[in-house]
Amino acid sequence: MSGMLWVLLVAIILLAAVVVVGLVYGARALRRLGTTPPAPVPADPAFVAEKDRREKSLAALRDAEDEASSSVDLAKSAAAAARAEAAAAKAEANAARAEARRVLEAARTEADNILERAHRQAETDAEQVRAAARRSGEREVALLASTTREQAAEVERRAQRMDERERLHTEEVDRLAERDRRLAAATADLAAREAALTVRETAVAEAEERQRRELERIAGLTADSARTELVEAVEGQAKREAAILVRDIEADARTTAEQRARHIVVDAIQRVASEQTAESVVSVLHLPGDEMKGRIIGREGRNIRAFESVTGVNLIIDDTPEAVLLSCFDPVRREIGRLTLEKLVLDGRIHPHRIEEVFDTARQEVERLCQRAAEEALVDVGITEIHPELVSQLGRLRYRTSYGQNVLKHLVETAHIAGIMAAELRLDVPTIKRCAFLHDIGKALTHEVEGSHAIIGADLARKYGEAEEVVHAIEAHHNEVPPQTIEAVLTQASDACSGGRPGARRESLEAYVKRLERIEEIAGGKSGVEKVFAMQAGREIRVMVKPEDVDDIGAAVLARDVAKQVEEELTYPGQIRVTVVRESRVTEIAR
C-alpha cells in the first residue's frame with residue numbers, strides 16, 4: 001500500500017473521531033434539555049434572550065450533527081475507496097509475485113539449458129583437441145621416420161664418398177711414388193748435365209781469355225782503355241746531338257706553345273664531353289594515388305615519425321597530387337630513403353617494424369650499387385690497384401653532385417682529359433690519370449668531416465697508401481697548397497676543363513646563357529643592325545647590318561664600338577671576335 005493511501009486513511013480516522021466526540025456532546029446536551037421541567041417563565045427579557053440563545057445553540061448543534069453525519073458518510077465512502085484500492089494493490093502484488101515466480105522458473109530452465117549446451121560444447125571441443133593431438137602425433141611420427149630415412153641415406157652417401165676418397169687417395173699415392181721415381185732419374189740426369197756444362201764453361205772462359213790477350217796484343221791497348229775511348233767518343237757525339245735537339249725543341253715550343261696547348265685542351269674536351277644530369281637535395285617519389293599519403297602518415301603520424309627516425313630523411317607531404325618529397329643533405333642517405341619508401345608503397349604494408357626491415361634491404365642495395373658504380377668507373381679509367389676503402393668512398397660519389405654536375409662522372413671525365421694531355425706531353429699517363437681521378441675523393445666525406453674537400457681527400461689518400469705525388473695533386477688542385485709537380489698542374493687544368501665547359505654545371509650554364517644574351521643585346525642595340533648571332537660558345541659575334549644605313553667606314557666603327565662595350569661590361573675567358581657583315585645585292589631579271 002502506498003504512502004498516500006496511508007495518509008488518507010489516518011485523516012479519515014481522525015475525522016471520524018471528531019464526529020463521534022461531537023455526537024456524544026450533542027446527545028448529552030439534548031438529554032439535559034429533555035429532563036429539565038418547564039418552569040414558569042416570567043416575562044423577563046433576559047430570560048427570553050437566554051432562551052433564544054439556547055434555541056440557536058440547539059439549532060447549531062443539530063446543524064453540526066448533520067454535518068458530522070455527512071462527514072461520517074464521506075469518511076465511510078473514502079474508507080471504502082481506500083479498501084478497494086488496497087485490494088487492487090494487493091491483487092497487483094499477488095500478480096507481481098506470480099510473474100516473478102514465473103520469470104525465476106524460466107531463468108532456472110534457461111540456465112539448465114545453457115549449462116547442458118556448455119557441457120555438450122566442452123565435450124565436442126575436447127574431442128576435437130584429442131583428434132588434433134592424434135593427427136599432430138601422427139605427423140610428428142611420419143616426420144621423424146622421414147628424417148631417420150634421410151639421415152640413413154646421408155650416412156650411406158658419406159660412406160660411399162669416403163670409399164671413393166680412399167680409392168682416389170690410394171691412386172694419388174701411387175702417382176706420387178711414380179713421380180718421385182721420375183724426379184730421382186731427372187735429378188741424376190741434371191747432375192750429369194751440370195757437370196758437363198761446368199767443364200764446358202771452363203773451356204769457354206779459357207778460350208775467351210786467350211782471345212782477349214791476342215786482341216790486346218794486336219791493338220796495343222788493354223780492354224779497359226779501349227772501352228774508355230769508345231765511351232768518350234759516343235758521349236761527345238750524343239751531347240752534340242742532344243744540344244741540337246734541345247735547341248730545335250725549344251724553338252718549336254716557343255713558336256707553337258700556345259696553339260698546341262689550346263689544341264690539346266680542346267681535343268681532350270671534345271673526346272670526353274658527356275651529358276650531365278642536374279641533381280639537388282630533394283627527391284620526388286610518385287604515388288599510385290592520394291590515399292597512399294594517409295597510409296604513409298599512419299595513425300597519429302606514427303609511420304612518418306618512424307620513417308624519419310630510421311632513415312634520417314625528412315618526408316614532405318603537401319598538396320602536390322600523387323607525389324611526396326624526400327629532403328636530405330646526404331645524397332646516399334636520401335637515395336636509401338627514396339628506395340625504402342618506394343618498396344613500402346609497392347608492398348602496401350606500412351608500419352614501423354616493416355619500415356626498419358625495408359630500410360635494411362634498401363641500404364644493402366644502395367651499397368651494392370655504389371660498389372658497382374665505383375668498380376665500373378675504375379675499369380673505365382684503367383685503375384686496377386686501389387684500397388677497398390677508397391673504392392667504397394668513390395661509390396658514394398655516385399649520388400653526389402657539385403653545381404649540378406655528378407661528381408663520379410666528373411672524376412672519370414677529368415681523368416680522361418688529364419690522360420690525353422699527359423699522352424700529348426709524353427708524361428706518365430697512369431699516374432696523372434690516378435691523380436685526376438682521385439682529386440675530389442674528399443667530397444664523399446664533406447658532410448661528415450669539417451674542412452676543405454681537397455685537404456680531406458689528401459688525408460684520406462695518404463691514410464690508404466697512395467703515392468706522395470697523388471696526395472700532393474689532390475691537396476693542391478684548389479691551391480690550398482701551392483702546386484709543386486707537373487701532376488698537380490695537369491690535375492688543376494683537367495679539373496677546370498671538365499667543370500668549366502658550357503653545360504657541365506648549372507651555375508656555369510646560367511652565366512654562359514646570360515653572357516650570350518647580353519652580347520646579343522649590346523650588338524643589337526646599335527643603329528643600323530639587322531641581326532646578331534653569338535657563335536662558337538660566345539667567342540665570336542656575327543653582326544649583320546643594313547647596307548643602306550651603314551657604309552664600310554661605319555661598319556668598322558660599329559665593330560670597334562661593340563668590342564669596346566663588351567670589354568667594359570662583361571667578364572669572359574679568352575677573347576671575343578666581333579665581325580660586322582655588310583652585304584649589298586643587285587638583282588636584275590633577263591627577259
> Taking it one step at a time, do R368 and Q371 satisfy side-chain contact (heavy atoms from CB on, under 4.5 Å)?
Replying inline: CA-CA 5 Å; R368 289 195 300 270; Q371 187 75 14; 5.7 Å; no
Heavy atoms only: give me the nearest [X]-[Y] pair and the separation to one decimal.
X    : Y    : result
S327 : V313 : O-CG1, 3.6 Å
V580 : A559 : CG2-CB, 3.6 Å
V489 : P483 : CG2-CB, 4.4 Å
F437 : A415 : CB-CB, 3.9 Å
M421 : A493 : CE-CB, 4.1 Å
G524 : V532 : N-CG2, 3.7 Å

Considering residues at least two apart in sequence or located in another chain, which fulfil the salt bridge (Lys or Arg N to Asp or Glu O under 4.0 Å) criterion with [X]?
X    : value
E487 : none
E178 : R181, R182
E480 : none
K526 : none

Hey, are [X] and [Y] close enough for a salt bridge, meaning a charged N less than 4.0 Å from a carboxylate O?
X    : Y    : value
K463 : E389 : no
E172 : R175 : yes
R338 : E342 : yes
E520 : K531 : no
K564 : D561 : no

Could you tell me whether the side chain of [X] and the main chain of [Y] form a donor-acceptor pair under 3.5 Å?
X    : Y    : value
K443 : V407 : no
S392 : P388 : no
N303 : I350 : yes
Q492 : A476 : yes
T431 : D428 : no
R542 : T579 : no
H416 : E413 : no
S309 : R305 : no

>> According to ring pair (Phe, Tyr, Trp, His ring centres under 6.0 Å), who are the partners of H387, at least two apart in sequence or on a separate chain?
In response: Y464
Nearest-0.5 Å distance, [atom1] of residue [X] to [atom2] of residue [Y]:
X    : Y    : atom1 : atom2 : result
I456 : D440 : CD1   : CG    : 11.5 Å
E335 : C328 : CD    : SG    : 11.5 Å
L490 : I432 : CG    : CD1   : 4.5 Å
R349 : I355 : CZ    : CD1   : 12.5 Å
D459 : I441 : CG    : CD1   : 12.5 Å
C435 : D495 : SG    : CG    : 13.0 Å

>> More than 12 heavy atoms of other residues, nucleotides or ligands under 6.0 Å from CD of E171: yes or no?
In response: yes
Between [X] and [Y], is any pair of side-chain heavy atoms under 4.5 Å apart?
X    : Y    : result
V324 : M292 : no
I576 : E540 : no
V345 : L287 : yes
H439 : T414 : yes
V366 : L339 : yes
E530 : V543 : no
V581 : V545 : no
L411 : L394 : yes

Which residues pass the side-chain hydrogen bond (donor to acceptor under 3.5 Å, both in side chains) test with [X], not counting sequence neighbours?
X    : answer
D180 : none
K293 : none
R518 : E521, E569
N314 : none

> For A458, what residues pass the side-chain contact (heavy atoms from CB on, under 4.5 Å) criterion, not counting sequence neighbours?
Replying inline: V471, I474, E475
> Do V358 and L341 pass the side-chain contact (heavy atoms from CB on, under 4.5 Å) test, and can you show the C-alpha distance, the side-chain angles, and the key distance before you say yes or no?
Replying inline: CA-CA 8 Å; V358 176; L341 187 58; over 6 Å; no
>> Go through it in stages, so that I can follow the logic: the residues are L558 and V529, the test is side-chain contact (heavy atoms from CB on, under 4.5 Å), and I'd like the CA-CA distance, side-chain angles, deciding distance and then a yes or no.
In response: CA-CA 9 Å; L558 177 62; V529 176; 3.9 Å; yes
> Does a donor on one side chain sit under 3.5 Å from an acceptor on the other, for H453 and H477?
Replying inline: yes
>> Applying salt bridge (Lys or Arg N to Asp or Glu O under 4.0 Å) as the test, list every pair that has at least one member in residues 184-200; sequence neighbours left out.
In response: D189-R193
>> T311 vs I336, test: side-chain contact (heavy atoms from CB on, under 4.5 Å). Steps then yes/no.
In response: CA-CA 7 Å; T311 62; I336 294 174; 5.7 Å; no
>> Quick test of your reading: applying ring pair (Phe, Tyr, Trp, His ring centres under 6.0 Å), list the pairs with at least one residue in residues 332-359, sequence neighbours left out, ordered by first then second residue.
In response: none
> Please walk me through it: do R363 and E367 pass salt bridge (charged side-chain N to carboxylate O under 4.0 Å, His left out)?
Replying inline: CA-CA 6 Å; R363 179 172 51 80; E367 289 177 354; 3.7 Å; yes
